[in-house]
**Student:** 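Can you read through this structure? Questions will come right after.
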Amino acid sequence: MKRNVGIPRQTSLATPVVPNPFVHQIDLTNADKIRIALMSVFVVPIRLVFCAIFLLSGYLIATIALAFRTPEEKNKPLCGWRKSFHRPLAFLGRAICFSVGFHNVKTKGQCGLASEAPIAVVAPHSTFFDAMVLFYFPYLPTSLARAEQFPPLMKTLMEFTQPVYVNREDPNSRQNTIKEINRRAKSGGKWPQIIIFPEGTCTNRKAVINFKSGAFYPCMPVQPVCIRYPNKMDTYTWTWEGPGAFSCFWLTLCNFHNSMEIEFLPVIVPSEEEKNNVKLYAERVRRVMAESLEVPTTDHSFDDCRLMKQAGKLKMPLSTGLVEFSKLNNKLGVKLEDLQSMLERYSSIAPCKTGVITLDEFASYLRLPKSEALEQVFALYDRNCSGMIDFREYVIGLSLVSSPANTEETIKLAFKLFDQEDKGYISREDLTGILQNAFGMADVDELFEQVDTKNDDKITYDEFKAYAESHPEYAKLFTTYREAKEMSTNGNAAHAKSE
């Protein structure tokens with residue numbers, strides 16, 4: 001396959017180091033299955049009973065601590081006798097961790113005070129077990145939470161920590177959440193530390209994904225906190241593809257022992273430049289945490305998960321939607337809405353089972369036979385020379401190859417090429433003559449009828465333009481054909497002149 005070298009590859013858009021940070025698989029041996037069966041019968045019920053006892057005890061203590069609060073008190077940090085219940089609840093939290101098998105949670109480093117670092121950013125976020133980190137702070141911290149996601153018993157326990165509630169149904173929720181985080185962070189240590197998982201979703205811990213900026217907007221010092229699960233079998237990871245929440249919980253209960261390490265890294269203070277650009281601040285903190293965890297960073301983000309979800313609705317593999325949205329947004333300026341539209345169009349080209357486009361499928365979508373020009377354009381999309389185009393390559397191809405070529409000038413030149421007699425429209429014979437000459441295409445009826453939306457056996461400029469704009473892939477094909485034709489013409493003229 002010939003490759004057009006006119007458009008060089010951009011190393012900044014290289015394939016991500018970690019192809020899919022949102023997938024996890026557990027491989028159980030026969031010995032594991034026997035252990036799980038025995039533990040499920042003889043040990044797990046006992047562990048669940050202890051969990052229930054400690055949970056109910058915590059609920060009663062939290063109920064007493066929160067009793068008879070006035071509306072004014074609810075907007076202030078707990079104080080006086082109410083504050084004294086923090087240590088008993090932290091102890092019960094650790095007891096719950098012990099009862100589910102986390103017998104020795106190791107901590108490293110020194111946890112800063114709320115006055116030194118009002119916000120603690122925790123990564124990587126890979127499981128609901130990450131919430132246990134709250135119980136290993138010297139003083140129970142608060143967190144972000146959705147009120148509707150907790151049953152009454154858990155809601156009372158969460159209420160004791162005075163979380164910053166997020167309401168996704170409220171269009172102003174994001175701004176209100178940022179304002180509340182800012183208010184507490186700048187209270188001079190009156191409020192407890194706020195724990196934030198800046199990745200915004202669960203990963204498989206093989207890389208640190210893009211950080212959201214919410215924790216960094218107050219431009220206050222933050223303390224990075226790293227979580228590790230150094231176990232032979234990973235039953236904890238709960239991602240978009242893999243075991244569900246109940247499976248992870250039950251398999252973890254069936255382990256003899258579960259290990260967890262919490263490392264408090266030194267507090268990071270933002271520079272003046274970072275205060276003016278919180279993305280730089282977030283990136284520095286992410287880089288520090290990735291180095292400590294000894295894993296790479298990747299530009300995948302929660303928006304990739306949204307695209308994965310859309311891919312699932314389109315009956316395609318979830319991994320189809322993985323494009324490193326943050327990188328494409330920064331480098332190409334594409335928005336999430338643009339990618340969602342592109343994914344819908346892509347699903348009409350790529351087979352649902354594979355989620356990738358071959359040359360045959362590319363030709364079928366454009367209703368063209370294979371030709372040298374088509375192979376050159378396909379090669380420009382196929383960035384890793386695999387012989388297939390995935391969705392990420394398709395987005396980059398549209399942005400760097402097709403869309404720049406799909407200008408008003410190009411469309412006018414293409415229309416003029418077909419309408420050689422300057423009739424103001426393209427006839428079926430005009431279309432057949434050019435496509436047969438350019439691509440060896442004999443039957444153009446299906447393509448002609450698609451473009452001829454008025455069904456009057458004529459393609460006007462408006463119809464031609466509308467179709468070209470909805471199929472930008474044709475633009476690069478046209479420019480490739482035109483360049484080849486010009487080179488051929490110039491070559492023939494030079495040869496004639498030399499003779």
**Student:** Test your reading of the model: is there a side-chain donor-acceptor pair from Asn204 to the backbone of Asn20, 3.5 Å cut-off?
**Tutor:**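 Yes; at least one donor-acceptor contact below 3.5 Å.
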**Student:** Among all residues two or more places apart in sequence or in another chain, which pass the salt bridge (Lys or Arg N to Asp or Glu O under 4.0 Å) test with Arg69?
**Tutor:**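 If we apply the salt bridge (Lys or Arg N to Asp or Glu O under 4.0 Å) test to Arg69, skipping adjacent residues, the hits are Glu159.
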**Student:** Ignoring hydrogens and geometry beyond distance, is a side-chain donor-acceptor pair present between Ser386 and Asn384 at under 3.5 Å?
**Tutor:**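 Short answer, yes.
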**Student:** Ignoring hydrogens, what is the shortest heavy-atom contact between Ser348 and Tyr365? Give both atom names and the distance.
**Tutor:**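 Of all heavy-atom pairs spanning Ser348 and Tyr365, the closest is OG-CE1, 4.5 Å.
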**Student:** Indicate whether the side chain of Glu263 and that of Ser292 have a donor and an acceptor atom separated by less than 3.5 Å.
**Tutor:**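 Checked: Glu263/Ser292 side chains pair up, N/O donor to acceptor below 3.5 Å.
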**Student:** For Asp303, is there an ion pair with Lys327 - N to carboxylate O distance below 4.0 angstrom?
**Tutor:**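 No.
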**Student:** Can you tell me if Ser403 and Asn406 form a side-chain donor-acceptor pair at under 3.5 Å?
**Tutor:**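 Looking only at side-chain atoms, Asn406 and Ser403 do not form any donor-acceptor pair under 3.5 Å.
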**Student:** Out of Ser213, Pro270, Pro218, which residue meets the side-chain contact (heavy atoms from CB on, under 4.5 Å) rule with Val278?
**Tutor:**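 Among Ser213, Pro270, Pro218, the one that satisfies the side-chain contact (heavy atoms from CB on, under 4.5 Å) with Val278 is Ser213.
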**Student:** For the pair Glu361 (side chain) and Thr358 (backbone), establish whether a donor and an acceptor sit closer than 3.5 Å, ignoring hydrogens and angles.
**Tutor:**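 Checking the backbone N and O of Thr358 against the side chain of Glu361, a donor-acceptor pair under 3.5 Å is found.
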**Student:** Give the ring-plane orientation class for His86 versus Phe160, where under 30° counts as parallel, over 60° as perpendicular and anything between as tilted.
**Tutor:**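 Tilted, since the angle between the ring planes falls between 30° and 60°.
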**Student:** Look at the side chain of Gln310 and the backbone N and O of Gln340, then say whether any donor-acceptor pair between them is shorter than 3.5 Å.
**Tutor:**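 Indeed, once roles are kept as given, a pair shorter than 3.5 Å links the two residues.
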**Student:** Indicate, with yes or no, if the rings of Phe98 and Phe54 have centres closer together than 6.0 Å.
**Tutor:**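 Not close enough - the centres of the two rings lie 6.0 Å or further apart.
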**Student:** Output yes when a side-chain donor or acceptor of Arg47 lies under 3.5 Å from a complementary backbone atom of Leu253, and no otherwise.
**Tutor:**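 The answer is yes, because a donor-acceptor pair under 3.5 Å joins these two groups.
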**Student:** Do you know which of Ile349, Val356, Val323 makes side-chain contact (heavy atoms from CB on, under 4.5 Å) with Phe391?
**Tutor:**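 Exactly one pass, corresponding to Val323.
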**Student:** Any chance you could measure Ile96, atom CD1, to Leu157, atom CG, to the nearest 0.5 Å?
**Tutor:**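 Between Ile96 CD1 and Leu157 CG, I get 7.5 Å after rounding to 0.5 Å.
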**Student:** Hey, is Lys275 close enough to Glu272 for a salt bridge, meaning N to O under 4.0 Å?
**Tutor:**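 Between Glu272 and Lys275 there is a salt bridge, with a charged N closer than 4.0 Å to a carboxylate O.
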**Student:** So with a 6.0 Å cut-off around CZ of Arg183, is the heavy-atom count from everything else above 12?
**Tutor:**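 Yes - once you tally the heavy atoms of other residues, nucleotides and ligands closer than 6.0 Å, there are more than 12.
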**Student:** Can you tell me if Asp130 and Tyr229 form a side-chain donor-acceptor pair at under 3.5 Å?
**Tutor:**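 Yes, Tyr229 and Asp130 have a side-chain donor paired with an acceptor closer than 3.5 Å.
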**Student:** Could you check whether Thr235 and Thr252, counting side-chain N and O atoms only, form a donor-acceptor pair closer than 3.5 Å?
**Tutor:**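 Checked: Thr252/Thr235 side chains pair up, N/O donor to acceptor below 3.5 Å.
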**Student:** Is the Phe137 ring parallel, tilted or perpendicular to the Phe264 ring (thresholds 30°, 60°)?
**Tutor:**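 Answer is perpendicular, since the angle exceeds 60°.
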**Student:** Is a donor on one side and an acceptor on the other found under 3.5 Å between the side chain of Glu180 and the backbone of Val164?
**Tutor:**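 Not at all, since once roles are kept as given, no pair shorter than 3.5 Å links the two residues.
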**Student:** What's the separation between atom NZ in Lys106 and atom OG in Ser259, rounded to the nearest 0.5 Å?
**Tutor:**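 That separation rounds to 7.0 Å.
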**Student:** Check side-chain contact (heavy atoms from CB on, under 4.5 Å) between Phe256 and all other residues, then give those that pass, not counting sequence neighbours.
**Tutor:**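 Partners of Phe256 by the side-chain contact (heavy atoms from CB on, under 4.5 Å) criterion, ordered by chain and then number, come out as Arg35, Met39.
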**Student:** Would you confirm whether Asn231, through its side chain, and Asn258, through its main-chain N or O, come within 3.5 Å as a donor-acceptor pair?
**Tutor:**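 Pair absent, no side-chain N/O of Asn231 close to backbone of Asn258.
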